Number of protein chains: 2
Amino acid sequence: MEQATSEKILDIAQSLVVAGGYNGFSYADISEAVGIRKASIHHHFPTKAELVQVLVDRYTQRAESGLNSLREHVPGPVEQLQAYLNYWQKCILDASEPFCVCAMLAAEIQMLPEPVATHVRRHFENLAAWLTSVLKAGVEQKLFRLARAPEEEAQILMASVHGAMLSARALGNPSLFAAIVGPQLARLKA
Amino acid sequence: MEQATSEKILDIAQSLVVAGGYNGFSYADISEAVGIRKASIHHHFPTKAELVQVLVDRYTQRAESGLNSLREHVPGPVEQLQAYLNYWQKCILDASEPFCVCAMLAAEIQMLPEPVATHVRRHFENLAAWLTSVLKAGVEQKLFRLARAPEEEAQILMASVHGAMLSARALGNPSLFAAIVGPQLARLKA
DNA sequence: GTTGGCTATCCTACTAGTAGGTAGTTCAAT
DNA sequence: ATTGAACTACCTACTAGTAGGATAGCCAAC
């Protein structure tokens, strides 16, 4: 089963966004990477704003269903959180996706087309909500002992994850991600 | 005393970088904001890469001397750290500089001209080193009790700061910065 | 079962506008 | 007289986006 062209376009565009943000790539870049003419990309995605909007939508959709399936299939809040962090650790270590699309776009949110900005904001809200729910479950089962409200601890954890991605990238040291994020999980455990 | 044109150019360029990153602005944008022709900017800064390089250099220089003067003039490691965090909290709340130039550029470090990337990396190293030294001093004076090595805690703190900036921006909630970063300082205190 | 239409995909060729950058000039202050 | 800083005018390359045509597959109707 061949992959659909529009999916290929989105895949390439996503890796380009991860590398350089919204203004860091052009239709010509995608064209070259996919092996298709520029005009053909406009056939699938009339404007750049639409392309990125669909891209972010797909990303948030996948993230949400991925997180929810973790919550269903992984036993225990501690393991769920660990699985989430492991996922990113792997992505960063093997450079398959060394940065979160939405974190990248959030940095330039002021310059983004409004619909894209809205989707990015929603991803942050979703992620915070997921982390909150896992923390709450952990507290109920006496697996976590939090110094603050679960909502607050979720925000702290999310910020640590994004900050750790940034440090790993800035210092060119992929293993820094785990070194920063590991202790943050550890200190939540009861 | 009128401000020098080259400084005006750097000021505008810096605010544009903070808003949209390296590829988020053009000489035309600066031209308009400064009230000068495009070619005149090239007189001061022949290439965009040089302009941003000087910009980052000025930024890191200021940051380093600012941090060092904190360490000299503010009594006590706890207060020094608090002063650093307060500085950013103020910048974000009054929107005067709602994001760190180097954090912004670090996100797109793969696409930056090599000399710029090097300067950005150095800022991360400098900041981590400053935080480490303050934490060490605090431990010696029994003001901090760290669960990990000071170098590690410094990385965690730095990541929290950058992640908190990102969350505040993404969610359009400036006060989120303090809500994330405050508890991180609190948990270090003995 | 072949014809004819419909649609999806991709193409060539083009547009207007913007990117970073250059050449050469003017002009005031040294 | 020289210099620094500004200017006008321009260049080439690239940007997102458009117009219109070629090819192929599918799905009737005959």
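In what follows, chains are A, B, ... by sequence order, proteins preceding strands, each numbered from 1. All of these numbers come straight from a predicted model, not from anything done at the bench. Note that these values count all heavy atoms, side chains included, but never hydrogens, waters or copies made by symmetry.
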Which of C/dA19, C/dC10, D/dT15 is nearest the side chain of A/I36? It is C/dC10

Counting just side-chain N and O atoms, does B/T5 come under 4.0 Å of either OP1 or OP2 of D/dA5? no

Exercise for review: Before giving the answer on salt bridge (Lys or Arg N to Asp or Glu O under 4.0 Å), spell out for B/R187 and B/E153 the whole-Å C-alpha distance, their side-chain angles and the decisive distance to 0.1 Å.
Suggested key: CA-CA 11 Å; B/R187 79 178 176 82; B/E153 292 284 2; 3.2 Å; yes

Give a yes or no on whether the backbone of B/Y22 and the side-chain of B/E108 come within a donor-acceptor separation of less than 3.5 Å.
yes

From CD of A/E50 across to P of D/dA16 the rounded distance in Å is 14 Å

Could you go step by step and tell me if A/E151 and A/K136 meet the salt bridge (Lys or Arg N to Asp or Glu O under 4.0 Å) rule? CA-CA 9 Å; A/E151 289 80 6; A/K136 274 184 177 164; 3.2 Å; yes

>> Is there a side-chain contact between B/Q53 and B/D57 in this structure, where contact means two heavy atoms from C-beta onward sitting under 4.5 Å apart?
In response: no

Whole-Å distance, A/I9 CD1 to C/dC10 C1', equals 11 Å

When rounded to whole Å, the CG to P distance for the pair B/N23 and D/dT15 reads 10 Å

Between CD1 of A/I30 and P of D/dC14 the distance, given in whole Å, is 17 Å

N/O contacts under 3.5 Å, protein versus nucleotides 21-25 of chain C?
{"unit_1": "C/dG21", "atom_1": "OP2", "unit_2": "B/K48", "atom_2": "N", "d": "2.8"}
{"unit_1": "C/dG21", "atom_1": "N7", "unit_2": "B/H42", "atom_2": "NE2", "d": "3.1"}
{"unit_1": "C/dG21", "atom_1": "O6", "unit_2": "B/K38", "atom_2": "NZ", "d": "3.1"}

- Task: Could you check if a side-chain atom of A/L157 sits within less than 4.5 angstrom of a side-chain atom of A/E152, using non-hydrogen atoms only?
- Result: no

So the side-chain hydrogen bond (donor to acceptor under 3.5 Å, both in side chains) pairs with at least one residue in residues 73-82 of chain A (sequence neighbours excluded) are A/Q82-A/N86

Rounded to whole Å, the NE2-P distance (B/H44 to D/dC7) equals 9 Å

In whole angstroms, the gap separating P of C/dG20 from OH of B/Y22 amounts to 8 Å

Looking for any heavy atom pair under 4.0 Å, which part of the strands does A/S40 touch: base, sugar-phosphate only, or nothing? base

Considering only heavy side-chain atoms of B/R37, the closest of D/dC7, D/dT15, C/dC10 is D/dC7

Hey, is the side chain of A/H43 poking within less than 4.0 Å of OP1 or OP2 on C/dT9, counting only N and O atoms? yes

Give a yes/no on whether any side-chain N or O of B/S26 is located under 4.0 angstrom from OP1 or OP2 of C/dA19.
yes

With sequence neighbours left out, the residues meeting side chain to side chain donor-acceptor pair (under 3.5 Å) with B/Q14 are B/R58

When rounded to whole Å, the CG to P distance for the pair A/D29 and D/dA16 reads 8 Å

